[in-house]
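The structure under discussion appears below in the form of C-alpha cells.
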Amino acid sequence: MSFESERYPSNFISNIIESDLKAGKHGGRVATRFPPEPNGFLHIGHAKAICLNFGLARDYQGTTNLRFDDTNPLKENAEFMNTMREDISWLGFQWSQETKASDYFEQLFEFALDLIGKDKAYVDSLSAEDIRTYRGTLTEPGVNSPYRDRSVEENLQLFQDMRAGVFPDGAHVLRLKIDMAAANINMRDPAIYRIRHAEHHQTGNQWCIYPLYDYTHCISDALEGITHSLCDIGFEDHRPLYDWVLDQLQLPVHPQQIEFSRLNLKYTVMSKRKMKQLVEQQLVEGWDDPRLPTLAGLRRRGYAPAAIRDFCRRIGVAKSENNVELALLESCLRENLEGNAPRAMAVLDPLKVIITNLPEDQAETLRVANHPKNAAMGERSVPFTRELYIERADFRLEANRKYKRLVLGGEVRLRGGYVIRADEVRMDDQGEISELHCSYDAQTLGVNPPGRKVRGVIHWVSSSNAGAVIFRRFEPLFSVAYPDSGDSKYTDLMNPDSLTELSGFLENWLLETPAGSQYQFERVGYFTRDSKERADKVPVFNEVVGLRDSWAKINTE
RNA sequence: UGGGGUGUCGCCAAGUUGGUAAGGCACAAGGUUUUGAUCCUUGCAUGCGGGGGUUCGAGUCCCUCCACCCCAGCCA
C-alpha cells in the first residue's frame with residue numbers, strides 16, 4: 001500500500017489542521033500524541049485513535065509522541081506499557097518520542113504551587129462524600145467548600161505537607177478555584193491532586209500525591225508542544241477546563257483539544273472493562289482470544305496491520321455516534337488478503353474418496369498455481385492418489401440443478417486436477433456416508449471433456465500428504481448487534497457458536513507455516529497458524545475471515 | 001428543570017464562502033472464471049430529523065419544534 005493511498009480523506013480534523021496551517025498557527029507545525037493509560041490491552045477502538053494521530057501527523061509532515069498517561073498508580077503497571085508498544089509497532093507506526101505523564105510530576109507540582117500562589121487553587125479538607133454533596137447536581141449549582149478561602153500561605157504549607165506525606169489518603173485534596181455555580185460541572189472547582197500512599201511503577205515511592213487527568217493532560221500536551229490534542233468525544237465538556245488551566249500558566253504553546261467520536265462495532269463490546277470481565281470470567285480464552293477486538297486478539301486471528309489501517313481510514317472521522325458493520329472490517333480484510341495470500345487446499349470436514357480406477361501404487365504429481373492471477377507466486381506440487389478427502393458438503397446423494405457439486409452419478413472437477421464421477425456410496429452403521437467411490441477421467445487434466453459440461457470444481461487433499469489439524473472458525477462473540485444496550489446483561493447475549501472447531505486435513509507443507517502468515521484455503525476462507533500450542537500438540541489453524549459465499553445465500557433461501 | 005453534543009441512502013461518511021446530494025461497505029441484476037472466490041459492468045437519496053422562512057436558488061443562512069447521546073470519580 002502506498003503512502004498516498006493511506007492518506008486520510010477529508011474530515012473535520014484535517015480541515016482544522018489545514019486552516020491552521022494556512023493561518024500559520026504554530027508556525028506551520030503539526031504535533032499529535034497518542035496517550036494511552038497503561039491499564040489494559042489496546043483494542044480496535046484505540047486503533048482508530050492511533051491511526052488518526054499518527055496518520056494525520058504523517059499527512060502533514062508532523063510528529064506523534066507516545067505518551068503513557070500514568071497518573072493513577074492503583075490501576076496501572078509497566079507490563080501494559082510493553083504490550084502497548086508492541087501493538088502500536090505492529091500496527092505499523094513509529095513514535096517521535098516516548099514520554100510519560102510521570103516524567104512531568106515535578107513540573108506539575110511546581111505549576112500547582114504557582115496556581116496556589118495566584119489564588120487559583122486551594123487545599124480542601126472535605127471528605128469525598130462531602131465534596132460530592134457540595135458539588136450540586138446537574139440542575140442545581142454547587143456551594144463553596146468551607147475551606148475555599150484558606151490563605152495562600154496556608155494552602156502552600158498544606159500542599160507541601162501533602163507531598164511530604166504528613167497526611168493519610170483522602171485527608172485533603174488540591175482543587176482549582178473556578179466557579180461552584182458553573183453550569184458545566186467540570187468547572188465546579190475540580191480536584192487536581194489527591195493523596196495516594198501507593199508505589200508507582202515509574203516513580204516508586206517518590207510521591208504520595210498524584211495529579212488527576214484534567215490537570216495533567218493539558219499541561220503534558222503543552223510541555224510537549226502538541227498542536228492538536230485529539231481525544232474522545234466524552235471529553236468535550238472538559239475542554240473549557242483544559243483551556244482554563246493552560247490560560248493560567250506560562251507554557252510554550254496552547255494546544256487545541258479536538259474531540260471525535262469513538263468507534264463502535266456491531267456484535268461486539270468495545271469497553272476495556274467489559275473485555276476484562278470476559279477474560280476474568282473465562283468466557284473467552286484471554287486478552288488475545290481471536291474473537292476479541294483487542295489488537296492482540298486480531299493479530300492472533302491473523303488480521304494484517306494494513307487491513308486494520310485501511311479499516312480505520314475507511315470508517316472516517318466525525319463526531320456523530322456510529323455503529324460500524326462487521327462487513328466493512330471483513331471487506332478490508334478480504335481485499336488485503338485476496339492479492340497477498342497464497343492459495344492452498346484444506347478439507348475441514350472430510351469425506352473419504354476412493355478413486356477406483358487409479359491403482360494403489362500410482363501417485364501422480366500435479367502442478368498447481370499458488371495464485372490464480374499472480375504467476376510470480378509460483379506453483380507447487382500436489383499428489384493425486386487413489387485415496388483422498390473432499391468436503392462433506394461437496395457431495396449429495398441427490399440435488400437440484402442449483403447444486404454444482406458432486407452428486408451420485410454426477411461429475412465434478414477436482415481443483416487443479418481431473419474430473420471425477422461419483423459411482424457408489426458406502427454407509428456406516430449409523431447410516432452416515434463413510435466413503436465415496438469415484439472414477440476419474442484421465443483425459444481431463446487441464447482440458448474440458450468433449451461433449452460434457454462440468455459445472456463444479458471442488459477442493460480436496462490426497463491422503464498421502466494430508467496433515468491432520470484443527471480448524472477454528474469464528475462468528476461474532478455476541479448474537480445481537482448491540483450487546484451493550486437493552487435490558488439483558490451483555491454476558492447473557494454471547495453467541496454460543498462464536499467458536500467452532502473442526503478436525504480435518506490440509507496439504508502438509510502448511511504444517512511448517514509460521515503463525516501470522518495467511519493462506520487462502522480455496523473455496524473456504526483465509527487461515528493462519530495459531531500462535532499458541534495446544535497441550536496435545538495438534539496444530540491449530542484460525543480462520544481470519546471466510547470467503548464471500550453467495551452459495552450460502554442461495555442455499556438458505 | 002442545567003450544560004455539552006449529534007441528526008445526509010440499510011451501515012459509515014464527503015459536502016471550503018448558499019448554485020442544484022462524492023465515495024466506501026451492504027444489497028440487486030448481468031458478464032468472465034478449473035475457487036458458487038476474485039475481477040468487470042450496471043442499478044441503488046427529486047432529497048439531507050420535522051415544519052416554517054429568507055433567496056432566482058438552501059443539506060448549507062434564520063426561526064421553531066422533535067429525536068438520540070454524554071456529563072454530578074479524590075478514574076482516564
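Since the model is a prediction, treat every value here as computed from it, not as a measurement. Naming convention: chains lettered A, B, ... in sequence-line order (proteins, then strands); numbering from 1 in each chain.
A salt bridge between Glu6(A) and Arg313(A) is absent, with no side-chain N of the basic residue lying under 4.0 Å from a carboxylate O of the acidic one.
A search for side chain to side chain donor-acceptor pair (under 3.5 Å) contacts involving Tyr267(A) returns nothing, not counting sequence neighbours. For Tyr418(A), the ring pair (Phe, Tyr, Trp, His ring centres under 6.0 Å) test picks out Phe384(A), Tyr440(A), with sequence neighbours left out. Among residues two or more places apart in sequence or in another chain, the side chain to side chain contact (heavy atoms under 4.5 Å, CB included) test is passed with Lys404(A) by Arg455(A). Partners of Lys100(A) under the side chain to side chain donor-acceptor pair (under 3.5 Å) rule, at least two apart in sequence or in another chain, are Asp103(A). Contacts of Cys208(A) classified as side chain to side chain contact (heavy atoms under 4.5 Å, CB included), with partners at least two apart in sequence or in another chain: His197(A). Listed by chain and residue number, Arg405(A) satisfy the side chain to side chain contact (heavy atoms under 4.5 Å, CB included) test with Ala393(A) (two or more places apart in sequence, or in another chain). Asp214(A) pairs by the side chain to side chain contact (heavy atoms under 4.5 Å, CB included) definition with His238(A), Leu241(A), not counting sequence neighbours.
Of the residues in residues 236-244 of chain A, those with a non-hydrogen atom less than 4.0 angstrom from any atom of RNA chain B are Glu236(A), Asp237(A), His238(A). The stretch residues 319-329 of chain A comes close to RNA chain B through Lys319(A), Ser320(A), Glu321(A), Asn322(A), Asn323(A), Val324(A), Glu325(A), Ala327(A), Leu328(A), each having a heavy atom under 4.0 Å from the strand.
Side-chain atoms of Leu138(A) lie closest to rC71(B) of the nucleotides rC71(B), rU1(B), rG36(B). The nucleotide whose nearest atom lies closest to any side-chain atom of Asn72(A) is, among rA76(B), rC74(B), rG36(B), rA76(B). You'll find that the side chain of Arg194(A) is closest to rA76(B), out of rA14(B), rA76(B), rA72(B).
Residue pairs meeting the salt bridge (Lys or Arg N to Asp or Glu O under 4.0 Å) criterion with at least one partner in residues 181-196 of chain A, sequence neighbours excluded, are Arg148(A)-Asp189(A). Applying the side chain to side chain donor-acceptor pair (under 3.5 Å) rule to pairs touching residues 367-377 of chain A yields Arg343(A)-His371(A), Arg367(A)-Glu379(A), Arg367(A)-Ser381(A), Asn370(A)-Arg380(A), sequence neighbours excluded.
Both Val447(A) and Ile195(A) lie close to RNA chain B; mapped to their nearest nucleotides by heavy-atom distance, the more 5′-ward contact belongs to Val447(A).
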Pull out every protein N or O sitting under 3.5 Å from an N or O of nucleotides 39-43 of chain B, one pair per line with the distance.
from, atom 1, to, atom 2, distance (Å)
rC39(B), O4', Lys373(A), NZ, 2.9

